[in-house]
Amino acid sequence: MDISSILQGGYQHPLSRSWQGRRQLTKSMFMYPIFITDDPEASVVIPTLPGQRRWGVNKLESFIGPLVQKGLKSVILFGVPFNCEKDGCGTPADDPCGPVIQAIKKLRVLFPSLYIACDVCLCEYTSHGHCGLLNDDGTINTQPSVQRLAEVAVNYAKAGAHCVAPSDMMDGRIKAIKRALIDANLGSKCTLMSYSAKFASALYGPFRDAAGSAPSFGDRKCYQLPPTAKGLARRAIQRDVVEGADIIMVKPALPYLDIISDAAELAPDHPLACYQVSGEFAMVHAGATAGVYDLKTMAFETTESMVRAGATLILSYFTPDFLDWLET
């Protein structure tokens, strides 16, 4: 055998195997998505998302406290209102008495070191379930949609959010939100994380059950990216960098590792997030339940593939598990 053929000597020991990765998983790389509902005492199991619940603000201390003690560094909040009057403009999205703003304020007091991001979208709050305002013919009305999203983002930032993360995929919303944050004297105080390459995926089903955000008609294929659209994804990433995004995100993660890799190339100086979405999480659990593989082993394999592709931040429902698994 040639000398250059011998590779196993470099990974024959557990420690030397760990050195083969360019970057290792750490607790701080995980951001935990949390569903906040408008019943303050809620603790409601989500059947399609194993181990996940909708939480009321009065339950956050007992729920989040142990996770913070284990090393939880960041969360992203999704509002799930059931007791409000939804309309075409998503008026309840930034209601000061609504679940997201109440949760921001509560968490800032309870856990001052916890980093709080907020998903910015209108689908949970509109009567039609779409992510923006609509024209009379049911198509997206982009300009007022962008203005409304910017209002919501600024109000979350004013409430104390460290990060706002628009997931709507409206054209031009990053520039509008950045401008609105600057005008509100929050441009240097609030991170803007863009769902830059968000695809129209079949993997969002459990999330839509959890958030009650399925559209009442049609679909979101006119504003979320087609799964085959590598070029569009690259263009969207480049656009959002120019428009002022502080963090770039790819969603979903596992079927789009090539896009994560592209994003690392196109935005090498930006943190790069990916969202291991509800369907990915549910699939890993389903396979483990069926005896196809060990849950922990597959959870590591999937998330490590995202890091290998270039991700520096992973939004994942596995976050509480990794707070335990990364202890060893």
Side-chain angles (χ1 to χ4, degrees), residues 1-32 50 70-74 193 196-199 201 203 225 227-234 236-238 241 247-328:
M1 241 181 235
D2 290 338
I3 289 175
S4 59
S5 299
I6 304 300
L7 301 180
Q8 291 173 347
Y11 59 94
Q12 45 75 35
H13 187 278
L15 183 59
S16 63
R17 281 196 288 276
S18 74
W19 294 336
Q20 298 301 323
R22 290 291 183 261
R23 190 183 298 112
Q24 302 295 316
L25 284 173
T26 64
K27 293 182 181 184
S28 63
M29 294 173 70
F30 286 91
M31 178 177 282
Y32 190 21
K70 290 180 181 182
L72 179 67
K73 300 298 184 184
S74 64
M193 177 166 65
S196 295
K198 179 180 179 180
F199 290 84
S201 173
L203 290 167
L225 300 179
T228 56
K230 186 180 183 75
L232 269 176
R234 292 175 63 92
I237 291 162
Q238 291 171 306
V241 167
I247 302 174
I248 298 299
M249 189 198 300
V250 176
K251 177 184 178 181
L254 200 58
Y256 299 97
L257 294 177
D258 61 321
I259 307 302
I260 297 173
S261 180
D262 283 354
E265 168 203 325
L266 294 168
D269 299 323
H270 283 62
L272 176 54
C274 66
Y275 198 145
Q276 187 180 37
V277 301
S278 59
E280 296 175 72
F281 175 77
M283 283 196 303
V284 173
H285 267 274
T289 300
V292 176
Y293 42 67
D294 173 71
L295 178 69
K296 177 180 176 180
T297 301
M298 184 53 68
F300 267 93
E301 185 172 343
T302 55
T303 52
E304 285 172 339
S305 74
M306 299 162 199
V307 173
R308 190 180 67 247
T312 58
L313 172 63
I314 302 171
L315 285 69
S316 176
Y317 303 97
F318 277 116
T319 296
D321 298 302
F322 277 103
L323 297 178
D324 291 326
W325 293 336
L326 290 171
E327 287 286 354
T328 56

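Computed from heavy atoms alone, side chains included, the values below leave out hydrogens, waters and symmetry copies.
With salt bridges taken as basic N to acidic carboxylate O contacts below 4.0 Å, one links Lys70 and Asp324.
The environment of Lys73 atom NZ is sparse: at most 12 non-hydrogen atoms of other residues, nucleotides or ligands sit within 6.0 angstrom. Atom CD of Glu301 has 12 or fewer neighbouring heavy atoms from other residues, nucleotides or ligands inside a 6.0 Å radius.
Note that CG of Leu257 and CG of Asp262 are 11.0 Å apart. Values are rounded to the nearest 0.5 Å. Considering CD of Gln24 and CD of Glu304, their distance stands at 7.5 Å, rounded to 0.5 Å. The line from CE of Met29 to SG of Cys274 is 8.5 Å long, rounded to the nearest 0.5 Å. Considering NE2 of His270 and OG1 of Thr312, their distance stands at 11.0 Å, rounded to 0.5 Å. The distance from the CG atom of Leu225 to the OG atom of Ser201 is 11.5 Å, given to the nearest 0.5 Å. With rounding to the nearest 0.5 angstrom, the OG atom of Ser261 is 9.5 Å from the CG atom of Leu272.
Residues Leu326 and Phe30 meet the side-chain proximity criterion, which asks for heavy atoms closer than 4.5 Å. Proximity of His285 to Phe318: side-chain heavy atoms (C-beta onward) are separated by under 4.5 Å at one or more points. Tyr32 has its side chain within reach of Leu72: a pair of non-hydrogen atoms, C-beta onward, lies under 4.5 Å apart. Contact of the Thr303 side chain with the Leu25 side chain is registered, since non-hydrogen atoms from C-beta on lie closer than 4.5 Å. Side chains of Met298 and Met283 form no contact here, defined as non-hydrogen atoms less than 4.5 Å apart.
The heavy-atom pair separating Pro255 from Leu203 by the smallest distance is CG-CD1, 3.6 Å. Residues Ile259 and Phe199 share a closest heavy-atom pair of CG1-CZ, 3.8 Å. Of all non-hydrogen atoms in Met306 and Ile260, the two that sit nearest each other are O-CG2, 4.1 Å. Residue Ala299 comes nearest to Val284 through the heavy atom pair N-CG1, 4.3 Å, listed as atom of the first residue, atom of the second, then distance. Here the closest heavy-atom approach between residue Val277 and residue Tyr317 is recorded as C-CE1, 4.0 Å. When all heavy atoms are compared, the tightest approach of Gly310 to Ala264 is CA-CB, 4.3 Å.
Proximity of a side-chain donor or acceptor of Glu280 to a complementary backbone N or O of Ala253 within less than 3.5 Å is detected. A donor-acceptor pair is defined here as one N or O able to donate and one able to accept, closer than 3.5 Å; no such pair exists between the side chain of Lys251 and the backbone of Lys198.
Using modelled atom types, one finds a donor on one side chain and an acceptor on the other under 3.5 Å when comparing Gln276 with Thr302.
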Point to revise | Test side-chain contact (heavy atoms from CB on, under 4.5 Å) applied to Ile314 and Val307, step by step | key: CA-CA 8 Å; Ile314 302 171; Val307 173; 3.9 Å; yes
